[in-house]
Visitor: 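Sharing a structure with you now.
Counting convention: from 1, in listed order, for ligands and their atoms alike. Note that this is a predicted model, so its numbers are computed, not measured.
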Amino acid sequence: MEMDYWVSIPKVELHAHLNGSVRDSTLLELAKELGEKGIILFSDVEHVILKNDRSLTEVFKMFDLIHILTTDHDTVTRITKEVVEDFASENVVYLELRTTPKRNDSRGMTKHSYMEAVVEGLRRVDAFNIDFALTETELWKKGTSCQRNNECGCLSKRKIYVRLLLSIDRRETLEAAMETVKLALDMRNLGVVGIDLSGNPKVGEWTTFLPALRFAREQGLRVTLHCGEVPNQEEIHGMLDFLPERIGHACCLEEDAWRKLKTSKIPVEICLTSNIRTNTISSIAVHHFADLYSTKHPLILCTDDSGVFSTSLSKEYAIAAAAFGLGKKEMFQLAKNAVEYSFAEDKVVSELKDFFDTVEAEFSL
Ligand code: IMP
Ligand code: ZN
């Protein structure tokens, strides 16, 4: 099937890391600027940015480099705007974007100001009609409430809903993780809907963060955990017992854990290209998507890091359709079902369901 088709269908993205989704062209531009200032050696990083195959360890080295390039307020704002516009332009209608709030004393950055820069990026999206839980005053300021009779043109633009998840990095301390959860709670009116645990799976113990994750849950935030990127069965069992609202990957589960996952019905965020590129799964032919799909286990196709892995959600749909023999109808249903597993408020879920129903009827899918 044509790539155009996968681009054209409405899609839902639930597992995308902000700094992993930055365009190569932006990274190169930022690297050039830092090279000119003598902060980095451009020739050293150019080939790293353009490299395509990366092991799991190399991926985390790449993130350290990306963070050097992106972690100042203006750049965080820029990449947020660009990432949202990139997803919207391939017909992602709901994007749950996750990012790790960062403190960087040398740039006068706190976790709070980092997140303000992210939200500023959302405000600057102008090519699309963005809904990210703006407060009424902000809606009025931006003019998207359309008390101006659509003079701003917002109603004629394609709409994308964006909600945010704040990530805890496994390198962090419990105290830093708590700060992230409190920040998420403070920013609920700006579209923060949950907490993610991510970072190098070979680093740290997930149990360090349990008090912060429990606190998040008690306060009504949803939780998703990167689970089973490495074959640490004790950790996998612990994570499944916690019953997060979703998990990412679920690659290295032995039989017991696999059974537990199936019984739990915890929705799984599947990132095909990411798993193959990092060698977490040896080939698409043996990917657990097939098992989950055939047993109707809740699953969502996602990109993980569209920049780092040179992919897009449309490409992931094309890959899944080809590899698992799924047709247009099945793939459309997959996109539609993803709405159910989003962490958005009921009103948004119901608007999205109506939207998918309309498209389904229009195209007799
Ligand atoms: P950020 O949170 O916006 O800075 O996005 C990049 C960060 O997401 C990385 O530094 C990791 O902590 C996390 N991340 C991205 N991809 C992966 C993955 O495949 N496994 C675990 N963590 C990841
Ligand atoms: Zn991830």
Visitor: Which residue owns the protein heavy atom closest to atom 22 (N) of ligand 1, what's the atom, and how far is it?
Guide: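 Of every protein heavy atom, Gly199 N, 3.0 Å lies nearest to atom 22 (N) of ligand 1.
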Visitor: What class does the angle between the rings of Phe63 and His17 fall in, given that below 30° is parallel, 30 to 60° is tilted and above 60° is perpendicular?
Guide: tilted
Visitor: Among protein heavy atoms, which sits nearest to atom 8 (O) of ligand 1, and what does the distance come to when rounded to 0.1 Å?
Guide: His17 ND1, 3.0 Å
Visitor: What protein heavy atom is closest to atom 19 (O) of ligand 1, reported as residue, atom name and distance in Å?
Guide: Asp304 OD2, 3.1 Å
Visitor: Give the residue, atom name and distance (to 0.1 Å) of the protein heavy atom nearest atom 2 (O) of ligand 1.
Guide: Thr100 OG1, 2.5 Å
Visitor: Between the side chains of Glu218 and Arg214, is the shortest nitrogen-to-carboxylate-oxygen separation below 4.0 Å, so that they form an ion pair?
Guide: no
Visitor: Taking a cutoff of less than 4.0 Å between a non-hydrogen atom of the residue and any ligand atom, is Arg171 in contact with ligand 1?
Guide: no
Visitor: Provide, to 0.1 Å, the distance between atom 3 (O) of ligand 1 and the closest protein heavy atom, together with that atom's residue and name.
Guide: Thr99 OG1, 2.7 Å
Visitor: Number the atoms of ligand 1 from 1 as they appear, then name those within less than 4.0 Å of a heavy atom of Asn19, with their elements.
Guide: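 Those of ligand 1 that fall under 4.0 Å from Asn19 are 1 (P), 3 (O), 4 (O), 5 (O), 6 (C).
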Visitor: Both conditions, 6.0 Å and 45 degrees, for the charged tip of Arg107 above the ring of Tyr114: are they met here?
Guide: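 No cation-pi geometry.
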Visitor: Can you tell me the protein heavy atom closest to atom 20 (N) of ligand 1 and the distance?
Guide: Glu229 OE2, 2.7 Å
Visitor: Could you tell me whether Lys81 and Glu120 have a side-chain N and a carboxylate O separated by less than 4.0 Å?
Guide: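 Salt bridge between Lys81 and Glu120, a charged N being under 4.0 Å from a carboxylate O: no.
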Visitor: Cation-pi between Arg217 and Phe242: NZ/CZ under 6.0 Å from ring centre and within 45° of the ring axis?
Guide: yes
Visitor: Hey, which protein N/O/S atoms does the Zn ion (ligand 2) have under 2.8 Å?
Guide: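 N, O, S partners closer than 2.8 Å: His15 NE2, His17 NE2, His226 NE2, Asp304 OD1.
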Visitor: Give the residue and atom name of whichever protein heavy atom lies nearest to atom 16 (N) of ligand 1, and the separation in Å to one decimal.
Guide: Asp305 OD2, 2.7 Å
Visitor: Looking only at protein heavy atoms, identify the closest one to atom 10 (O) of ligand 1 and say how far it is in Å.
Guide: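 Closest protein heavy atom to atom 10 (O) of ligand 1: His67 CE1, 3.2 Å.
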Visitor: Tell me, which pairs form a salt bridge (Lys or Arg N to Asp or Glu O under 4.0 Å) where one or both residues lie in residues 193-205, sequence neighbours left out?
Guide: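 Sorted result for residues 193-205: Arg98-Asp196.
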Visitor: A cation-pi test, strictly: NZ or CZ of Lys328 under 6.0 Å from the centre of the six-membered ring of Tyr5 and no more than 45 degrees from its axis. Yes or no?
Guide: yes
Visitor: Could you please spell out the steps behind the salt bridge (charged side-chain N to carboxylate O under 4.0 Å, His left out) verdict for Arg171 and Asp64?
Guide: CA-CA 12 Å; Arg171 285 181 291 197; Asp64 288 341; 3.2 Å; yes
Visitor: For the pair Glu255 and Arg259, evaluate salt bridge (charged side-chain N to carboxylate O under 4.0 Å, His left out) and give the outcome as yes or no after the intermediate values.
Guide: CA-CA 6 Å; Glu255 238 180 277; Arg259 261 201 305 272; 3.6 Å; yes
Visitor: Run the salt-bridge test on Arg163 and Glu96 with the 4.0 Å N-O cut-off and return the result as yes or no.
Guide: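 Not counted as a salt bridge, because no side-chain N and carboxylate O are separated by less than 4.0 Å.
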Visitor: Taking the inter-plane angle between the rings of Trp258 and His288 on a 0 to 90° scale, is it parallel (under 30°), tilted (30 to 60°) or perpendicular (over 60°)?
Guide: perpendicular
